Amino acid sequence: MPRTPTSPVVAGAVLGGYAIGRRTGNRRLAGVALLAGLGWSAPRWAAASAALAVGLSAGTVALVGLSHPLSRRVGPWPAVLVSTAAAAALAAVGDGAARRR
């Protein structure tokens, strides 16, 4: 599998999903955007290990979930930006592990 970095894809999926959900009012569409990004990224992480792919995918979804209560304290966009940065950092870990294989 090509060594394309997944960090920008995951960041785009989180940000894009939020923007889509906000613009349309449809959370399901936001979820589709997130799942599309993870669906593209997970096979690249799985090149290192299946457990890594599952863990990074679950971690990204958890971070998106945690952005909801955080948004009550700091506002929606700052919460999404924090969540996006953390998810991109997780993806970078997966990128590094896949490169070492």
Side-chain angles (χ1 to χ4, degrees):
M1 189 150 304
R3 304 255 161 107
T4 308
T6 60
S7 303
V9 174
V10 170
V14 174
L15 282 174
Y18 174 72
I20 289 167
R22 180 91 173 193
R23 178 89 168 140
T24 65
N26 188 335
R27 285 188 170 192
R28 289 188 179 127
L29 285 179
V32 168
L34 179 63
L35 289 177
L38 291 177
W40 185 87
S41 299
R44 283 142 183 88
W45 299 329
S49 85
L52 179 70
V54 170
L56 292 175
S57 297
T60 300
V61 171
L63 286 166
V64 169
L66 288 173
S67 72
H68 292 82
L70 180 61
S71 72
R72 288 186 213 114
R73 293 187 180 263
V74 299
W77 274 109
V80 169
L81 293 176
V82 167
S83 170
T84 299
L90 276 179
V93 168
D95 292 341
R99 260 192 303 281
R100 287 190 289 279
R101 290 261 166 168

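These values consider heavy atoms only, across backbone and side chains, with no hydrogens, waters or symmetry-generated copies. Here the structure is a predicted model, which means the values were calculated and not measured.
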Item to check | Shortest non-hydrogen contact from Ala33 toward Gly17 | outcome: CB-CA, 3.7 Å

Item to check | Distance (rounded to the nearest 0.5 Å) between Ser83 OG and Tyr18 OH | outcome: 11.5 Å

Next on the checklist: Is there a path of hydrophobic side-chain contacts, each under 4.5 Å between heavy atoms of I/L/V/M/F/W/Y residues, joining Val10 to Leu52?
Outcome noted: yes

Checklist entry - Between Gly75 and Pro78, what is the shortest heavy-atom contact and its length? => result O-CD, 3.5 Å

Checklist outcome for this item: Closest non-hydrogen atoms of Pro69 and Gly65, given as atom of the first, atom of the second and distance, are CD-O, 3.2 Å

Checklist entry - Can you tell me how far CG of Leu29 sits from CD1 of Ile20, rounded to the nearest 0.5 angstrom? => result 7.0 Å

Checklist outcome for this item: To the nearest 0.5 Å, atom CG of Leu38 lies from atom OG1 of Thr6 at 9.5 Å

Checklist outcome for this item: Only residue of Val93, Leu56, Leu90 satisfying side-chain contact (heavy atoms from CB on, under 4.5 Å) with Trp45 is Leu56

Checklist outcome for this item: The residue among Leu81, Leu63, Val61, Leu34 that forms side-chain contact (heavy atoms from CB on, under 4.5 Å) with Val14 is Leu34

Checklist entry - If every non-hydrogen atom of Gly39 is compared with every non-hydrogen atom of Pro43, which pair is closest and at what distance? => result O-CD, 3.1 Å

Checklist entry - Okay, side chain of Ser71, backbone of His68: is any donor-acceptor separation there less than 3.5 Å? => result yes

Item to check | Nearest heavy-atom neighbours spanning Ser7 and Asp95 | outcome: OG-OD2, 3.2 Å

